[in-house]
Amino acid sequence: NAGVTQTPKFQVLKTGQSMTLQCAQDMNHNSMYWYRQDPGMGLRLIYYSASEGTTDKGEVPNGYNVSRLNKREFSLRLESAAPSQTSVYFCASSPDWGQPQHFGDGTRLSIL
Amino acid sequence: AQRVTQPEKLLSVFKGAPVELKCNYSYSGSPELFWYVQYSRQRLQLLLRHISRESIKGFTADLNKGETSFHLKKPFAQEEDSAMYYCALNAGAGSYQLTFGKGTKLSVIP
């Protein structure tokens, strides 16, 4: 059961390095989201894409960029990683705007 | 600003006992409320939404605007209900800004 697929599952970076988190969904959903979850915290929205070709900032967008490559794929890029970006990142999707329905397994990212 | 509070980090109940996971919110408009669940080694998933007024896996939740609450209830807990539960609030139609609570870990004791 694919649903929402995130890669990689784990990653360790050094401060200042860049990387892209990949997300793909196979449910033909219009909307996709990137969240981060820090210990003891709820999920916080980084960016979202209401539909193919559009992206918008969420609650905590600083330090990130996104690309909605096509309807299936929504990537999150860290241009210059900082220790404060150490977190678990979740991608999600939904048929229409509003609440995410399907989540990926998450990417556990550590920045040293 | 909107806020979601789940006052219990951990809730332990015996199998067959009633369950109530508390969720309080702060928002001045007409919110949409949701419950999400994450079972061990599974993905986070949407459990139910208040606008649907549905019962999923025996769970129900009623939006109480007077008390600004959206508690999740089940009359008889099952072991398979053990999971992490998150309450979330959306500021309403057209909003993508879903605000999550910190979550409550439900442990059902056999």
Side-chain angles (χ1 to χ4, degrees), chain A residues 1-7 9 23-27 29-52 54-61 66 68 74 87-108, chain B residues 1-10 21-27 29-52 54 56 61 63 70 72 83-105:
Chain A
N1 60 341
V4 177
T5 303
Q6 288 182 235
T7 55
K9 293 194 186 308
C23 176
Q25 51 93 7
D26 62 2
M27 296 167 284
H29 284 171
N30 286 317
S31 301
M32 298 184 74
Y33 315 77
W34 275 106
Y35 286 88
R36 63 177 286 175
Q37 185 176 34
D38 300 306
M41 302 280 290
L43 278 74
R44 292 184 292 169
L45 183 64
I46 305 171
Y47 270 94
Y48 66 90
S49 172
S51 60
E52 184 180 356
T54 69
T55 61
D56 284 286
K57 295 178 181 179
E59 182 185 355
V60 288
V66 291
R68 183 74 183 267
F74 188 40
S87 188
V88 181
Y89 292 84
F90 290 97
C91 179
S93 71
S94 60
D96 295 299
W97 53 261
Q99 72 285 355
Q101 291 186 8
H102 298 271
F103 286 78
D105 287 326
T107 295
R108 193 171 293 273
Chain B
Q2 55 206 57
R3 180 179 294 176
V4 175
T5 302
Q6 293 179 251
E8 301 141 328
K9 279 189 177 180
L10 174 65
L21 295 159
K22 290 184 168 52
C23 173
N24 292 94
Y25 67 90
S26 172
Y27 181 65
S30 295
E32 295 179 7
L33 276 297
F34 310 88
W35 277 100
Y36 287 81
V37 61
Q38 187 169 25
Y39 301 101
S40 179
R41 290 185 290 278
Q42 292 189 29
R43 297 176 180 182
L44 186 64
Q45 57 186 290
L46 178 64
L47 180 63
L48 56 79
R49 65 199 85 181
H50 90 271
I51 57 173
S52 300
E54 57 199 344
I56 304 293
L63 178 60
F70 187 57
L72 184 66
M84 195 74 185
Y85 291 82
Y86 295 94
C87 182
L89 176 153
N90 184 301
S95 172
Y96 282 80
Q97 200 70 277
L98 195 64
T99 300
F100 283 82
K102 295 182 179 181
T104 297
K105 184 174 182 179

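Chain identifiers are assigned alphabetically (A, B, ...) following the order of the sequence lines, protein sequences preceding nucleic acid strands; residue numbering begins at 1 within each chain.
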Asker: Minimum heavy-atom separation for V4(A) to R43(B), with atom names?
Answerer: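 Smallest interatomic distance, heavy atoms only, reads O-NH1, 2.9 Å.
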Asker: Is the shortest heavy-atom distance from the side chain of L43(A) to the side chain of L44(B) under 4.5 Å?
Answerer: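 The answer is yes, as the side chains (C-beta and beyond) meet within the 4.5 Å cut-off.
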Asker: Quick one: does Q45(B)'s side chain get under 4.5 Å of H102(A)'s, heavy atoms only?
Answerer: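 No; the side chains remain at least 4.5 Å from each other.
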Asker: Are any of the side-chain heavy atoms of P100(A) and L46(B) separated by less than 4.5 Å?
Answerer: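 Heavy-atom side-chain distance check fails, nothing below 4.5 Å.
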Asker: What's the separation between atom CD in Q38(B) and atom CZ in F90(A), rounded to the nearest 0.5 Å?
Answerer: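 Taking CD in Q38(B) and CZ in F90(A), the distance rounds to 5.5 Å.
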Asker: Yes or no on side-chain contact (heavy atoms from CB on, under 4.5 Å) for F100(B) and L45(A), after CA distance, side-chain angles and deciding distance?
Answerer: CA-CA 9 Å; F100(B) 283 82; L45(A) 183 64; over 6 Å; no
Asker: Does a donor on one side chain and an acceptor on the other come within less than 3.5 Å for Y36(B) and Q101(A)?
Answerer: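 Note: Y36(B) and Q101(A) side chains miss the donor-acceptor criterion.
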Asker: Who are the salt bridge (charged side-chain N to carboxylate O under 4.0 Å, His left out) partners of D38(A), not counting sequence neighbours?
Answerer: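 Applying salt bridge (charged side-chain N to carboxylate O under 4.0 Å, His left out) to D38(A) gives R36(A), R44(A).
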